[in-house]
Amino acid sequence: MERTETIPYEPAPETVARATWLRGQLLSWFRSSGRSFPWRDPGRRPYEIAVAEILLQKTTAAGVARAYSGFIKRYPSWASLALARLEDLESELRPLGLWRQRALVLRQLAQSIEERGGDVPCSRAELERLRGIGPYTASAILAIVYGRTEALLDVNMARLLDRFFGPIGSSGKERSRSLHQLASLLVKGGHCLQINWSALDFGALVCKARRPRCQECQLKAECWYARTQITPTSDAPSG
Ligand code: SF4
């Protein structure tokens, strides 16, 4: 999701309290119900997690999971990826529905990093100057490689925040800025990757785009959407 200019933000105490509550709920849900993917295994190197996050932007987690181990085995480092033949990279990515463009992006990123002696840029501005690196990937790399507190605001997290907090912003730009601010509140306080992954999984499995599972959702007592949409006899309509 496009990142808009950050403005000084003083969230209302009620918003902070709700974000804190949501964060606790998501972390506890993730411990019992979060999805297990190879790039989330303990001990994965930052390179391995970053590659997964880049692939995940353009295809499904299930698809990446199928091809991931083979890909990492064949290209175990930025250096090997930088030297990859484009045709070989393409044939690795094609089963995921990813084509030449993604192969190019991955290789160019690896080459840029290798040109810096294997040094991954540590600032958002430098990262976003690299071809193929947008705001989401920059946030993912900063969080994964440097342990920064960065929100990975994808469509799943945005939908969850939208529904939980209620209508956000009157224009597209204002909405995007408010979503980033709420997402930042969510990841503050440690366990950055876990909270990002929990919001992503919760959006994919519970707060789904169509037919969110409100009746069985542990957030429903505090959720704006559930409070306004659930009726005693029916599930919430798809959103
Ligand atoms: S109650 Fe419904 S809309 Fe609210 S977070 Fe849960 S699934 Fe999403």
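One-based numbering, in listed order, for ligands and for the atoms of each.
- Side-chain N/O atoms of S123 and E126 include a donor and acceptor closer than 3.5 Å.
- Atom 8 (Fe) of ligand 1 has an N, O or S atom of C207 closer than 2.8 Å.
- The distance from ligand 1 to the heavy atoms of K220 drops below 4.0 Å at these ligand atoms: 1 (S).
- Contact atoms of ligand 1 toward Y225: 3 (S) (distance under 4.0 Å to a heavy atom of the residue).
- Taking the six-membered ring where the residue is Trp, the centroids of F202 and W29 are separated by under 6.0 Å.
- Enclosure of atom CD in E87 by more than 12 non-hydrogen atoms of other residues, nucleotides or ligands within 6.0 angstrom is indicated.
- The heavy atom nearest to atom 5 (S) of ligand 1, out of those in L160, L22, V206, is found in L160.
- Using a 4.0 Å cut-off between heavy atoms, C214 contacts ligand 1 through both its backbone and its side chain.
- At a cut-off of 2.8 Å, C223 does not coordinate atom 6 (Fe) of ligand 1 through any N, O or S atom.
- A 4.5 Å side-chain heavy-atom check between E53 and T137 finds every atom pair outside the cut-off.
- Proximity to R163 (heavy-atom distance under 4.0 Å) selects the following atoms of ligand 1: 3 (S).
- If you take CG on L160 and CG on L200, they are separated by 10.5 Å, rounding to the nearest 0.5 Å.
- Expressed to the nearest 0.5 Å, how far CG of L56 lies from CH2 of W39 amounts to 5.0 Å.
- Listed by number with element, the atoms of ligand 1 under 4.0 angstrom from any heavy atom of A226 are 1 (S).
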